[in-house]
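Have a look at the structure below before the remarks.
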Amino acid sequence: MKETVRMLAAAFLAAVLFLALFLLLHWNLIVCILLSVGAYVGLYLLLKPSRKIAGVYLDSLPDGEEIRKMLEEAADDIKTLKESSRKIADPAVRKEAEALFATGSQILRYLMKNPEKLSQARRFFTYYLEMAVKLTNRYIELQATGLHTGEVTGVLRKTAGALPVLNRAFEKQFTHLMQGELLDVEADIGLLNSMLELEDGR
């Protein structure tokens, strides 16, 4: 839809330019056509939306289109996690699903502020986050059947048991992404302790 609007806007403005040059200024027909076509191409490229993260235009990155798609899919997955967690009847399972949503949201916000670390989060986006959405959706589908057979109950129990594992994976991923900041804090604390020891030794 957005692409269609972009094409129509560029075509409309190019047509206005053509009419102005040909009918009002009485320029040569061929020149008017060439300028209008050039204007269309230029406007079409100019109207292309540019996604910017932390001051960095994704279009300027070598894999910018892939990153844009990955971020959009991740945002959709996290939104789905939020909606799914509300539909889970079991309080303990719902709490785990809510934790997945909360940690996933924090990771996405962190990466939006630190786009240079996006390459380190590919496994989180392409496996862990998608698995979280798949399992919570499957849990809701089975819950909705209302069946209490041994097989359904067993799958529900296994699915519920997988959510804490995913939560640990989410937290581990977040810790890994923040490794640089954690090391900086440890270094600052070490330096502070050293300074205090020097002060005490005087």
Side-chain angles (χ1 to χ4, degrees), residues 1-14 37-88 93-94 96-144 159-160 162-182:
M1 182 63 183
K2 290 180 180 178
E3 183 69 15
T4 304
V5 172
R6 181 177 155 208
M7 290 174 64
L8 289 174
F12 174 75
L13 292 171
V37 170
Y40 171 79
V41 173
L43 288 165
Y44 180 77
L45 294 174
L46 188 66
L47 293 172
K48 183 180 180 182
S50 294
R51 181 100 181 238
K52 190 164 75 169
I53 299 176
V56 178
Y57 283 99
L58 291 180
D59 292 342
S60 66
L61 300 176
D63 52 353
E65 182 60 27
E66 183 185 351
I67 290 172
R68 181 194 63 76
K69 185 179 178 183
M70 193 167 59
L71 287 172
E72 286 180 355
E73 289 176 354
D76 288 341
D77 285 342
I78 287 171
K79 183 181 177 183
T80 301
L81 273 179
K82 182 180 181 180
E83 294 168 353
S84 298
S85 63
R86 294 173 177 170
K87 298 175 183 176
I88 296 174
V93 180
R94 184 168 62 246
E96 292 292 342
E98 288 171 346
L100 286 170
F101 162 70
T103 308
S105 298
Q106 289 174 338
I107 291 173
L108 188 58
R109 281 195 297 270
Y110 177 80
L111 289 170
M112 296 290 276
K113 292 179 181 177
N114 301 275
E116 72 280 0
K117 296 189 177 184
L118 280 163
S119 60
Q120 299 175 39
R122 288 184 187 277
R123 188 164 181 79
F124 168 73
F125 286 134
T126 59
Y127 181 74
Y128 292 116
L129 188 55
E130 288 183 5
M131 182 60 69
V133 170
K134 182 178 179 181
L135 289 178
T136 52
N137 284 344
R138 184 66 54 83
Y139 187 94
I140 292 165
E141 288 169 7
L142 289 171
Q143 174 187 272
T159 305
L163 297 188
V165 177
L166 272 171
N167 266 313
R168 288 194 292 275
F170 273 38
E171 290 169 359
K172 187 175 180 180
Q173 178 69 69
F174 201 7
T175 303
H176 174 69
L177 290 170
M178 293 186 64
Q179 201 63 50
E181 288 86 339
L182 296 174

To the nearest 0.5 Å, tell me how far [X] [atom1] sits from [Y] [atom2].
X      : Y      : atom1 : atom2 : result
Leu100 : Phe170 : CG    : CZ    : 5.0 Å
Met70  : Leu111 : CE    : CG    : 8.0 Å
Leu129 : Asp76  : CG    : CG    : 10.0 Å
Gln173 : Thr175 : CD    : OG1   : 9.5 Å
Glu83  : Asn137 : CD    : CG    : 9.5 Å
Lys172 : Leu166 : NZ    : CG    : 13.0 Å

Got [X] and [Y] here, is their nearest side-chain heavy-atom distance under 4.5 Å?
X      : Y      : answer
Ser84  : Val133 : no
Leu71  : Met112 : yes
Phe101 : Thr136 : no
Arg86  : Lys82  : yes
Leu108 : Phe125 : yes
Leu81  : Asp77  : no

Give the minimum heavy-atom separation between [X] and [Y], together with the two atoms involved.
X      : Y      : value
Lys117 : Leu177 : NZ-O, 2.7 Å
Arg94  : Ile88  : NH1-O, 2.8 Å
Leu135 : Ala162 : CD1-CB, 3.8 Å

**Item:** Under 3.5 Å donor-acceptor, Gln143 side chain and Lys87 backbone
**Value:** yes

**Item:** Pair Lys69-Glu73, side-chain contact (heavy atoms from CB on, under 4.5 Å): steps then yes or no
**Value:** CA-CA 6 Å; Lys69 185 179 178 183; Glu73 289 176 354; 3.2 Å; yes

**Message:** With ring-ring contact (aromatic ring centres under 6.0 Å, His included) as the test, pick out the partner of Phe174 among Tyr110, Tyr128, Phe124.
**Reply:** Tyr110

